[in-house]
Undergrad: 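Please read through the structure below; I'll follow up with questions.
The sequence lines fix the lettering, A, B, ..., with proteins before strands; numbering per chain opens at 1. Atoms considered below: every heavy atom in the structure, side chains included; atoms not considered: hydrogens, waters and symmetry mates.
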Amino acid sequence: MEAIFTAKTTYGENLFYHRAIAKKYDKAVAKKKSALGDLEILDLFMSVVAFGLYYFATSGMDMPTRIFQSLLAVILFTTIIRNLNRMRRRSDESNMSETALKRNAKSDLAATGQEGETCTVTFGAESMLIESPGIMTEIRYEGLERLKETEEYFMLFRSQLTIIPVEKAGIIDAAPEELAAFLEEKSGKKMEPVRKTA
Amino acid sequence: MGVVKEDALFTVRHHVTEDSLRRLEKGTRLLGAGGIGRKILTGFFVAAVVCLVLKGFFDGTAVLILSAAGGAMLLICFSVFYGLAKGWAESKQDTKRKYKENQAEYELEREYRFHEDYYEVESKYEYSRLEYQNIGRLLDMSGMFVILEKGDVIRFFMKEDVKKGDPAEFAAFLERKCETKMEHVSVG
């Protein structure tokens, strides 16, 4: 393959953070927060069931004590469910804060086992070649679904699942704008800048 | 893509279906779920039932204590069970959404060719050549092979998708090449 552009990308926390923000702000529809806070309608229905369950279990007690304790049980139930809901929401990248994304980038990097590795991307006329230790991948430009640009990287989306990062500082003998124009022309897709405040 | 195709020892041809994606999600969840948690939950439930049955044989303060203890344990079981069931339902919906969002990508037919020293993955837009040292884990999820590669890449296909070679021999071949044992996960 004759190289038109070449870029070297090093796997580090910064790359994973930029990949996460490119994915995060890619989501067109942000999830609306429920009017009930961290609880949902079904949770409220289940809290009534929890009341009934506790009320049934304490059948040997007098009525006011049963009702009082059942209400306490409902409070305990909603507290547990609210915390479980919160934990689930926090694990969704689209709802994560910048700090959480940075924290996640560290663990994501560790999970890949690629820390410090360098990958070389060679851009040819019809396809691009990605080479890293023990892996060689060739991708045709028409297979690129979206092109995204963060401050430091171009994120080439093969799909929502496969993203090829290209470090702007690692582009050899060319300006990032030249590579962006080339990719737009070859893939027929527009380079979309990622705005953190979107 | 200008690739010289050598004769492979094993060939796999497949595309991702919603069913296989669901199986993967379920298998991954089962892999992460600890048996200890299930035992604790069962223990709480049994203790709650025992308390509620025993209160029938006592009266006075003992009834109050057994009722409150039984009720509290039943409530904890109910909360945890409901929380887990909700999580499972959400992940099922997530899988459905993920499949719809990436349907075009999933429906692309892929061919895997396994050679003595490397393996290849080819689809309409992509060709990869990888060394076996990139494989970190091998899983068999009730008839579905899952290959976990370095770089957080997951490849999965059914045993029936092995078009050249015997699936059992293929599993042994992978274990030998990756120097790792195939982990078995039972997905109902």
Side-chain angles (χ1 to χ4, degrees), chain A residues 1 11 40 42-43 46-47 49-51 53-62 65-66 69-70 72-74 76-81 83-85 87-88 92 108-109 111-114 117 119 126-127 129-130 132-145 158-162, chain B residues 1-3 48 51-52 55-56 58-60 62-80 82-84 86-87 89-91 94 98 101-102 104-106 108 118 120-136 149-154:
Chain A
M1 180 195 286
Y11 287 93
E40 290 155 20
L42 185 65
D43 301 333
M46 284 299 167
S47 62
V49 176
F51 180 93
L53 204 68
Y54 194 89
Y55 188 82
F56 162 78
T58 52
S59 58
M61 294 178 182
D62 60 280
T65 314
R66 279 175 87 184
Q69 288 199 359
S70 300
L72 286 179
V74 168
L76 176 69
F77 174 80
T78 48
T79 307
I80 293 171
I81 297 303
N83 282 306
L84 285 174
N85 288 348
M87 273 162 61
R88 245 196 322 270
D92 182 354
D108 283 352
L109 175 65
T112 61
Q114 290 176 302
E117 272 185 14
C119 100
E126 300 299 324
S127 59
L129 186 70
I130 306 136
S132 54
I135 309 171
M136 188 273 282
T137 302
E138 193 178 346
I139 296 173
R140 296 184 70 84
Y141 294 117
E142 63 258 43
L144 292 176
E145 205 173 76
R158 247 297 279 125
S159 66
Q160 229 1 71
L161 312 167
T162 316
Chain B
M1 287 203 187
V3 176
C51 284
L52 295 178
K55 78 174 185 182
F58 295 94
D59 31 40
V63 174
L64 298 181
I65 293 168
L66 287 170
S67 293
M73 282 188 279
L74 204 61
L75 186 82
I76 290 168
C77 289
F78 178 67
S79 312
V80 175
Y82 168 64
L84 289 175
K86 212 173 142 195
E90 272 180 21
S91 66
D94 259 8
K98 200 168 148 192
E101 276 178 11
N102 299 287
E105 175 68 18
Y106 285 137
L108 279 181
Y118 64 95
E120 304 162 290
V121 186
E122 190 169 12
S123 69
K124 190 180 173 187
Y125 303 117
E126 203 171 323
Y127 167 81
S128 296
R129 184 181 161 136
L130 305 105
E131 287 171 15
Y132 290 104
Q133 67 186 41
N134 283 299
I135 297 178
E149 284 172 12
K150 194 171 77 175
D152 232 1
V153 178
I154 304 172

Undergrad: Measuring heavy-atom distances to chain B, does A:L84 have an atom under 4.5 Å in its side chain, in its backbone, in both, or in neither?
TA: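 When you check distances to chain B, only side chain atoms of A:L84 fall under 4.5 Å.
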
Undergrad: For the CZ atom of A:R140 and the NZ atom of B:K124, what is their distance to the nearest 0.5 Å?
TA: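 One gets 10.0 Å once the value is rounded to the nearest 0.5 Å.
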
Undergrad: Can you say whether B:L52 sits under 4.5 Å from chain A via the side chain, the backbone, both, or neither, judging by heavy atoms?
TA: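 For B:L52, the contact with chain A is made by the side chain alone.
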
Undergrad: Of the listed residues (B:K86, B:E90, B:K98, B:E131), which shares the most heavy-atom pairs with chain A below a 4.5 Å separation?
TA: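 Looking at each of B:K86, B:E90, B:K98, B:E131 in turn, B:K86 comes out on top.
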
Undergrad: Between chain A and each of B:G70, B:A48, B:C51, B:S128, count heavy-atom pairs under 4.5 Å; write down the option with the most.
TA: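 Greatest number of close heavy-atom pairs with chain A: B:S128.
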
Undergrad: Nearest heavy-atom pair of A:A57 and B:G71: which atoms, and what distance?
TA: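 Looking at all heavy atoms of both residues, the shortest contact is CB-CA, 3.7 Å.
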
Undergrad: To the nearest 0.5 angstrom, please state how far the CG atom of A:D43 sits from the OH atom of B:Y82.
TA: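 Result: 3.5 Å between the selected atoms.
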
Undergrad: Could you tell me which portion of B:K55 (side chain, backbone, both or neither) has an atom closer than 4.5 angstrom to a non-hydrogen atom of chain A?
TA: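 When you check distances to chain A, only side chain atoms of B:K55 fall under 4.5 Å.
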
Undergrad: Please report the shortest heavy-atom distance between A:I139 and B:E126, naming the atom on each side.
TA: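 Nearest pair, atom of A:I139 first, then B:E126: CG1-CG, 3.7 Å.
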
Undergrad: Under the side-chain contact (heavy atoms from CB on, under 4.5 Å) rule, collect the residues that match up with B:I65, sequence neighbours excluded.
TA: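 B:I65: side-chain contact (heavy atoms from CB on, under 4.5 Å) contacts with B:T61.
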
Undergrad: Could you list the residues that satisfy salt bridge (Lys or Arg N to Asp or Glu O under 4.0 Å) with B:E149, not counting sequence neighbours?
TA: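 Checked B:E149 against salt bridge (Lys or Arg N to Asp or Glu O under 4.0 Å); matches are B:R155.
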
Undergrad: Counting only non-hydrogen atoms closer than 4.5 Å, does A:E117 touch chain B with its backbone (N, CA, C, O), its side chain (CB onward), both, or neither?
TA: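 Side chain only.
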
Undergrad: Side chain, backbone, both or neither: which part of A:Q69 has a non-hydrogen atom closer than 4.5 Å to chain B?
TA: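 For A:Q69, the side chain is the part near chain B, not the backbone.
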
Undergrad: Does atom CD of A:E126 have more than 12 heavy-atom neighbours, drawn from other residues, nucleotides or ligands, at distances under 6.0 Å?
TA: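 Incorrect, the count does not exceed 12.
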
Undergrad: Where does A:S59 contact chain B at under 4.5 Å (heavy atoms): side chain, backbone, both or neither?
TA: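 Both parts, backbone and side chain.
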
Undergrad: About how many Å separate CG of B:N134 and CD1 of A:I135, when rounded to the nearest 0.5 Å?
TA: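 Reported value, rounded in 0.5 Å steps: 4.0 Å.
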
Undergrad: B:L84 versus chain A, heavy atoms under 4.5 Å apart: side chain, backbone, both or neither?
TA: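 Neither; nothing under 4.5 Å.
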
Undergrad: Once you round to the nearest 0.5 Å, how far does OG of B:S67 lie from OH of A:Y55?
TA: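 The distance works out to 12.5 Å.
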
Undergrad: Under 4.5 Å from any heavy atom of chain B, what part of A:L42 do you find: side chain, backbone, both or neither?
TA: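 Both backbone and side chain.
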
Undergrad: Can you tell me which portion of A:R158 sits under 4.5 Å from chain B's heavy atoms? Options are side chain, backbone, both or neither.
TA: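 For A:R158, backbone and side chain are both near chain B.
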
Undergrad: Find the distance between CG (A:L53) and OG (B:S79) and round it off to the nearest 0.5 Å.
TA: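 Separation between the atoms: 9.0 Å.
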
Undergrad: Counting only non-hydrogen atoms closer than 4.5 Å, does B:Y106 touch chain A with its backbone (N, CA, C, O), its side chain (CB onward), both, or neither?
TA: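 Looking at B:Y106, just its side chain touches chain A.
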
